[in-house]
Structures are given as C-alpha cells and as structure tokens.
Visitor: 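Starting off with a structure, shown below.
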Amino acid sequence: MSDIWSLGIQRLLARVNSFHQAGSSKSKCKSFLCGTQQIGWIREDAANQLRQYPKVFIEHADRFVLADHLNTYENRTEAVANVLKDMRVKDCLKTLRGWRDELYLVKTAYNSSPLFAIERSGASVFGIRKYGSHLNGYVIDTDGTWRMWVGKRSSTKQTFPGMYDNLAAGGLSHDLTPTACMIKECDEEANISKDLIDGKLKAVGAISYCYEDDDGIHPEGEFVYDLQLPITFTPNNSDAEMEKFQLMTIPEVKEAIIKDDFKPNCATVVLDFLIRHGFVTPEEESNYFDILSQLHMPGQ
C-alpha cells in the first residue's frame, strides 16, 4: 500500500477512536455505574447537568452511580427517561436536539441482561455503548472484478449529510436482533428483496470503536454482514435516507476512504471488508496488525 493510503487509514482510525487518543476527555471523565457494573462514561459537560438530579444519580469522587432505589429495569428506564426529557426541555445538551423516540438497551456486554432502556440520542450523554448492523453489498463481474454498492446519504440527514455510506445500515433498537435489524434495513434502505437475502446474507463478524464529539462519548459496536448480489441488481431507497447508490471498484472504494468521503464508521466497515477479502494484506500494509487492533477497541 502507498504511504498516502496508510496515513489516510491511520487518520481514519484515530478519528473513530478519538476517545482513546492523547488529549481526549477520557482522563477527566467519571465512570458511570449501575450497581457495581460500569456501563459508561460521564464527561464534565454532562456531569454539570446530572448534578441537578441527585435522587437519580449519586456522585462520588471518581464515578456516578444510579441510585440504589432504582433496582428494576422498569424504574431505571422511567427515571432516566424523565431526566432526559427534562434536559431536552431545558435544551442544555446539544445531542438531545436530535431526539429519535427510539429506545436502545443498556447492558454491561451484548450478551448480558438489559439493565434499562434509553432514548437513542441520550446514550452519548452517559457514554453508553450502542450497537448497529451494517451491510457490505457487492457484486463479482463475469471477468472476476469485485465492485461494491455504496450509498450517498441524503443532504437532509441530521448527521454526515451527503457522505458515502454502506449499502444498508441501522442502529440496533431494543426490540431487534442484529440479523433482524439487518434484514429490516436491507428492505427500507436499499429495497433488497427477501429472495436475495435468504440463505445469502452472511454474518461475518463485528467491529468496535469509541469516539467523542460535541454530542458526547460514543462507544459503538457494529455487527457486520456481507451480501453478494447479482450483477443485474440495482438498489432503490424507500425511506429517503439515501440520495443515490453507485457501484464502485475496489480501487475507487480505497480512494474514497482516505479522501474522507465516507461516514467514518461506515469507512471502517468497508476497511474490515477489504481486509477479510484480501484486498489489504500484511505484506502490502506495514500497519496491518495495528489496523486490526483499532477495528476492535474496547468501550471502557
């Protein structure tokens, strides 16, 4: 790989893992616990607001803890929801302006029992891990050339308008499994019919990273899927989230990644695809092992 490409990939991975970089807020954050289990991070801008709700959040020198009387899934969910709704009315945290009316489950690990549910836009206030499902849709031409279907996000999207995206992707809400979420997004975002998915959609792994921005701290985990599509297939967006789709060759995809044309987390999903299918190798890329490590970063 060229030095320019390698440097571009390093820049991408530093961006999606900015919470772990030197100069981030991590060293000044307080951990967020439910009982004795850490479930997130509290930055000072969020801490200043949570101090207004001492019956819900108990502050210690190095941590915030949900109050002991909040001891069920239901009463934790209700208490946290009431706080977020109140802060939304006060307009004291930017992230809550993007209110989704969509609940995410809060867990210590993906396979753990949920402790409570939280409004999607409020998860970054607490540095709580969110999950999603992302699809790499690709074709193999008759001459053996691989090409990827790439979406261009609508210019009206709240986040990353006009940037390249995976063929289909979506956040994992409280009532869906990763594969059910992926099938739903395939239908809504690309109009991929059931007969193209059944027996062909492959769960191929997961990536994880953690960044911070003006909205808060974002530990995220993405379940990754591959789907080889027929060369006659053309995606069609049905929920107005994508402006258009285009087929890109692998060299075109690589170039778009380092030009920052992709939504950053979607670029990492594509990078994972390139590695798994041998388009990035340890012989060609001297930072190969470090790239793999940064695609699987812990949330805490």
Side-chain angles (χ1 to χ4, degrees), residues 18-20 24-132 158 171-178 181 208-221 297-300:
S18 61
F19 186 62
H20 298 296
S24 79
S25 70
K26 186 175 182 179
S27 64
K28 300 177 183 178
C29 289
K30 294 190 175 188
S31 54
F32 179 42
L33 281 70
C34 180
T36 59
Q37 303 176 92
Q38 184 174 359
I39 53 176
W41 293 96
I42 305 294
R43 206 164 60 180
E44 186 58 24
D45 55 341
N48 285 335
Q49 303 305 322
L50 299 185
R51 293 182 182 112
Q52 311 303 313
Y53 307 93
K55 293 183 179 179
V56 177
F57 305 103
I58 310 303
E59 184 175 12
H60 300 269
D62 60 348
R63 65 195 185 280
F64 277 87
V65 185
L66 276 174
D68 287 344
H69 71 274
L70 300 174
N71 53 15
T72 69
Y73 173 91
E74 290 78 14
N75 66 16
R76 292 176 192 135
T77 299
E78 180 181 9
V80 173
N82 288 338
V83 167
L84 288 175
K85 289 174 183 176
D86 189 54
M87 289 197 294
R88 183 190 184 195
V89 171
K90 294 176 180 177
D91 193 28
C92 56
L93 291 174
K94 175 176 170 286
T95 185
L96 299 181
R97 296 174 189 169
W99 196 273
R100 301 287 193 97
D101 282 321
E102 184 178 348
L103 292 177
Y104 279 6
L105 294 177
V106 179
K107 306 177 180 182
T108 56
Y110 180 74
N111 61 349
S112 301
S113 297
L115 298 168
F116 58 96
I118 190 170
E119 153 64 28
R120 177 175 178 173
S121 67
S124 61
V125 174
F126 303 96
I128 288 169
R129 183 182 287 280
K130 296 175 287 189
Y131 294 93
Q158 285 184 346
L172 192 58
S173 58
H174 72 291
D175 56 346
L176 290 175
T177 66
C181 175
S208 55
Y209 49 88
C210 185
Y211 67 95
E212 65 174 333
D213 60 15
D214 290 346
D215 287 340
I217 301 166
H218 306 263
E220 297 185 355
M297 293 292 284
Q300 311 298 348

Visitor: Would you sort out whether Glu59 and Ile42 count as a side chain to side chain contact (heavy atoms under 4.5 Å, CB included), showing the intermediate values?
Guide: CA-CA 11 Å; Glu59 184 175 12; Ile42 305 294; over 6 Å; no
Visitor: Identify, with sequence neighbours excluded, every residue that meets side-chain contact (heavy atoms from CB on, under 4.5 Å) alongside Leu66.
Guide: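 Leu66: side-chain contact (heavy atoms from CB on, under 4.5 Å) contacts with Phe32, Cys34, Val56, Phe57, Leu70, Arg76, Val80, Phe116.
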Visitor: Among residues two or more places apart or on two chains, list those pairs meeting salt bridge (charged side-chain N to carboxylate O under 4.0 Å, His left out) that have a residue in residues 106-125.
Guide: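 For residues 106-125: Glu102-Arg120.
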Visitor: Residues two or more places apart in sequence or in another chain: which of them pass side-chain hydrogen bond (donor to acceptor under 3.5 Å, both in side chains) with Glu44?
Guide: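 So Glu44 forms a side-chain hydrogen bond (donor to acceptor under 3.5 Å, both in side chains) with Arg51.
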Visitor: Using the side-chain contact (heavy atoms from CB on, under 4.5 Å) criterion, which residues pair with Asp213? Sequence neighbours excluded.
Guide: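 Applying side-chain contact (heavy atoms from CB on, under 4.5 Å) to Asp213 gives Tyr211, Asp215, His218.
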Visitor: Return each pair, listed once, that meets ring pair (Phe, Tyr, Trp, His ring centres under 6.0 Å) where at least one residue sits in residues 69-106; pairs must be two or more places apart or across chains.
Guide: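 Listed once each, the pairs would be none.
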Visitor: Check salt bridge (charged side-chain N to carboxylate O under 4.0 Å, His left out) between Asp62 and all other residues, then give those that pass, not counting sequence neighbours.
Guide: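 Scan of Asp62 (salt bridge (charged side-chain N to carboxylate O under 4.0 Å, His left out), adjacent residues dropped) gives none.
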Visitor: Got a sec, which residues hit side-chain hydrogen bond (donor to acceptor under 3.5 Å, both in side chains) with Lys90, two or more places apart in sequence or on another chain?
Guide: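 Applying side-chain hydrogen bond (donor to acceptor under 3.5 Å, both in side chains) to Lys90 gives Tyr53, Asp86.
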Visitor: Can you find a pair of side-chain heavy atoms, one from Cys210 and one from Trp41, that are under 4.5 Å apart?
Guide: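 A side-chain contact is absent here, since even the closest heavy-atom pair is not under 4.5 Å.
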Visitor: Does any part of the side chain of Cys181, heavy atoms only, come nearer than 4.5 Å to the side chain of Tyr131, both counted from C-beta?
Guide: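 The answer is no; the side chains never approach within 4.5 Å.
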Visitor: Please examine the side chains of Ser121 and Arg88, heavy atoms only from C-beta on, and report whether any two atoms are closer than 4.5 Å.
Guide: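 No - every pair of side-chain heavy atoms lies 4.5 Å or more apart.
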Visitor: With sequence neighbours left out, write down each residue that passes side-chain hydrogen bond (donor to acceptor under 3.5 Å, both in side chains) with Asp175, or none if nothing qualifies.
Guide: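 With neighbours one apart ignored, the set is Ser173.
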Visitor: Report the residues that fulfil side-chain hydrogen bond (donor to acceptor under 3.5 Å, both in side chains) with Arg43, sequence neighbours left out, ordered by chain and then residue number.
Guide: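 By the side-chain hydrogen bond (donor to acceptor under 3.5 Å, both in side chains) rule, Arg43 matches Asp45, Glu212.
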